[in-house]
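Each chain gets a letter, A, B and so on, in the order the sequences are listed, and its residues count up from 1. As the structure is a prediction and not an experimental result, all values here were calculated from the model. Just the heavy atoms: all of them, side chains too, but no hydrogens, waters or symmetry mates, feed the values below.
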Amino acid sequence: QFVLKIQFNITGLNSSSNVNNNLTNTNLNTLPTLDESKTNLIINYLPQAMTQEDLRNLFSSIGELESCKLIRDKLTGQSLGYGFVNYVKSTDAEKAISSLNGLRMQQKTIKVSYARPSTPLIKDANLYVSGLPKSMTQEDLQRIFHPFGRIITSRILVEPSTGMSRGVGFVRFDKRPEAENAISSLNGTIPAGAKDPVTVKFANNPSQKNQQVLQSLYAAASPTRRLAAPTTGPLYHQARSFSLQPATHLQLAPVSSDYAFHQMLPAGLTTLDSLAGITAPSAASSSCAPNYGICIFVYNLSPETDENILWQLFGPFGAVTSVKVIRDYQTQKCKGYGFVTMTNYEEAFLAVCSLNGYKLGDRVLQVSFKTATSRLK
DNA sequence: TAGTATT
């Protein structure tokens, strides 16, 4: 959006050769959305379950919003844990930073800061660093990397129980070329005082993580009931035919259109609702407050189940708008069931078909569209 | 030897 507006102004300049400079500057300065540097905020480390509406509610308590967007994985619909909030007034943006940065929500501490102007150069500038001496601190890490550019974030991962360094960390640079230079200069080098060389490489991005989730779920599936992933290729086809395929057939590809989905329906059936044994409510009549969507009932979950498990199970099948683990009020342990709301009927259908009977740990899940009696089971 | 910051 930013780039387009700049080009528009350049075009304007070119098309009028006798343009008055003062007038042009005035035009630039009065375009309200041209300079978002003082109104547009990036919100990081959001809790997984936080929705765009939650984000809007929280930040609009400070002042009027021009826009609000939670960033989600394109494939799974899961929150990527960050979003953007653009205020109408820069004073409100300032207020949001001072009052909401560092706010603790669930297990996270959110970060509120000005969003950098979006350019292709700031993408993929995050480095994964391993082989660090256990004694190295975040400050040491910054000292080593700072000659190569502006560091946006850095972190050393620690063992949660002991707080000891795990010898790995991340360094995010402002610009991709800075990260590239750091790799060229630092990868394979031995830090002062250390014994072993460090490995410096680009960090995996979220879509690669999703592939890992899919693969681990697939690998964990019981031999008698393999998990089908909602993608094109052999695996997707496998889901349709409910047949077993060797694990080596696992292939991940962009989510297909549903062109072939109906091909798997038994002869004579033209709608999903008519499938025997499936009591699927229509999208319009099924809801899981407070989110509109198709609600799915998941039964036989272990007491340790948390929301992340439901996101990971259902996210690969398509857009998931909410998950809920029903917990015992006293112990806060899962009571054995939960609900998942999905946006698209066919993705929900495939998830139900694929996950019903799926072996999670030592339990066989029962997954069905939510009915009036789901809670009573 | 893996958390999640650019719409």
Side-chain angles (χ1 to χ4, degrees), chain A residues 1-5 33-37 39-50 52 55-56 59 65-87 93 97 101-102 105-134 136 138 141 149-160 164-176 178-179 183 187-188 196-213 215-216 308 311-312 315:
Chain A
Q1 201 182 7
F2 184 75
V3 171
L4 282 179
K5 282 167 187 165
T33 53
L34 188 64
D35 182 13
E36 295 182 338
S37 66
T39 59
N40 195 26
L41 303 178
I42 185 163
I43 323 301
N44 295 110
Y45 312 111
L46 293 169
Q48 177 59 241
M50 194 166 187
Q52 182 164 290
L55 189 67
R56 177 179 294 279
F59 283 84
L65 303 186
E66 193 274 328
S67 62
C68 169
K69 186 169 193 176
L70 179 71
I71 306 303
R72 297 175 175 280
D73 185 286
K74 286 189 180 70
L75 225 57
T76 68
Q78 286 187 48
S79 165
L80 290 181
Y82 70 94
F84 296 90
V85 169
N86 193 18
Y87 281 97
I97 292 175
N101 182 40
M105 303 185 69
Q106 291 156 45
Q107 261 67 295
K108 303 274 198 162
T109 301
I110 71 169
K111 180 175 173 182
V112 183
S113 56
Y114 289 113
R116 290 171 286 156
S118 185
T119 84
L121 282 179
I122 68 176
K123 295 177 79 174
D124 300 316
N126 195 25
L127 299 179
Y128 176 68
V129 189
S130 55
L132 298 171
K134 298 288 162 69
M136 185 177 278
Q138 186 189 359
L141 190 67
R150 176 183 168 205
I151 295 170
I152 302 302
T153 55
S154 67
R155 125 176 344 185
I156 287 180
L157 304 186
V158 297
E159 295 290 344
M164 285 265 295
S165 166
R166 298 166 73 172
V168 303
F170 293 90
V171 177
R172 180 182 300 279
F173 278 101
D174 183 34
K175 299 278 157 51
R176 169 89 180 187
E178 298 169 343
I183 291 177
N187 184 38
D196 303 311
V198 293
T199 300
V200 183
K201 58 186 186 182
F202 284 110
N204 294 338
N205 59 39
S207 62
Q208 289 168 312
K209 169 67 187 303
N210 287 329
Q211 293 183 10
Q212 287 164 12
V213 167
Q215 289 187 23
S216 63
N308 283 332
W311 282 110
Q312 290 184 5

Touch class at under 4.0 angstrom, heavy-atom based, for A/Ile71 against every strand present: sugar-phosphate
Phosphate OP1/OP2 of B/dT7 contacted by A/Arg72 side-chain N/O (<4.0 Å): no
Residue A/Phe84, side-chain heavy atoms: nucleotide from B/dG3, B/dT6, B/dA5 that is nearest: B/dT6
Distance test, side-chain N/O of A/Arg166 to OP1/OP2 of B/dA2, below 4.0 Å: yes
Between P of B/dA5 and CD1 of A/Ile97, the distance in whole Å: 16 Å
Sugar-phosphate only, base, or nothing, as touched by A/Thr119 at under 4.0 Å among non-hydrogen atoms: nothing
Nearest to side-chain heavy atoms of A/Tyr82, which nucleotide of B/dT7, B/dG3, B/dA5: B/dA5
Sugar-phosphate, base or nothing in reach of A/Ile152, heavy atoms under 4.0 Å: base
Spacing of A/Leu127 atom CG relative to B/dA2 atom P, expressed in whole Å: 17 Å
Face-to-face contact A/Tyr128 to B/dG3 six-ring, under 5.5 Å, under 30°: no
Side-chain N,O (A/Lys108) to OP1/OP2 (B/dT4) below 4.0 Å: yes
Non-hydrogen side-chain atoms of A/Phe173 and A/Ile151 separated by less than 4.5 Å: yes
Protein-nucleotide distance (A/Asn204, atom CG; B/dT1, atom C1'), rounded to Å: 10 Å
Sugar-phosphate only, base, or nothing, as touched by A/Thr199 at under 4.0 Å among non-hydrogen atoms: nothing
Spacing between A/Tyr114 atom OH and B/dT7 atom C1', to the nearest angstrom: 19 Å
Pair of N/O donor and acceptor under 3.5 Å linking B/dT7 base with A/Asn40 side chain: yes
Phosphate contact (B/dT7 OP1 or OP2) by A/Ser118 side-chain N/O below 4.0 Å: yes
Among B/dT6, B/dA2, B/dT1, the nucleotide that comes nearest once only the side chain of A/Ser130 is considered: B/dT1
Student check: side-chain heavy atoms of A/Thr39 and A/Glu66 closer than 4.5 Å: no
Rounded distance (Å) that lies between atom C1' of B/dA2 and atom CD of A/Gln312: 14 Å
Close side-chain approach of A/Ile110 to A/Met50, heavy-atom, < 4.5 Å: no
For atom CD of A/Glu159 and atom P of B/dT1, their distance in whole Å: 9 Å
Name every donor-acceptor pair, under 3.5 Å, that has one atom in a side chain of residues 196-203 of chain A and the other anywhere in the protein, sequence neighbours excluded.
none

Atom-pair distance (CG on A/Leu65; C1' on B/dT7), nearest Å: 15 Å
Listed nucleotide nearest any side-chain atom of A/Leu157, set B/dT6, B/dA2, B/dT1: B/dA2
Side-chain heavy-atom pair A/Glu159, A/Arg166 within 4.5 angstrom cut-off: yes
Integer-rounded Å distance: B/dT1 P and A/Asn126 CG: 19 Å
Set of residues satisfying side chain to side chain donor-acceptor pair (under 3.5 Å) with respect to A/Ser79, sequence neighbours excluded: none
side-chain N/O A/Lys201 vs B/dA2 OP1/OP2, d < 4.0 Å: no
Any A/Arg155 side-chain N or O less than 4.0 Å from OP1/OP2 of B/dA2: no
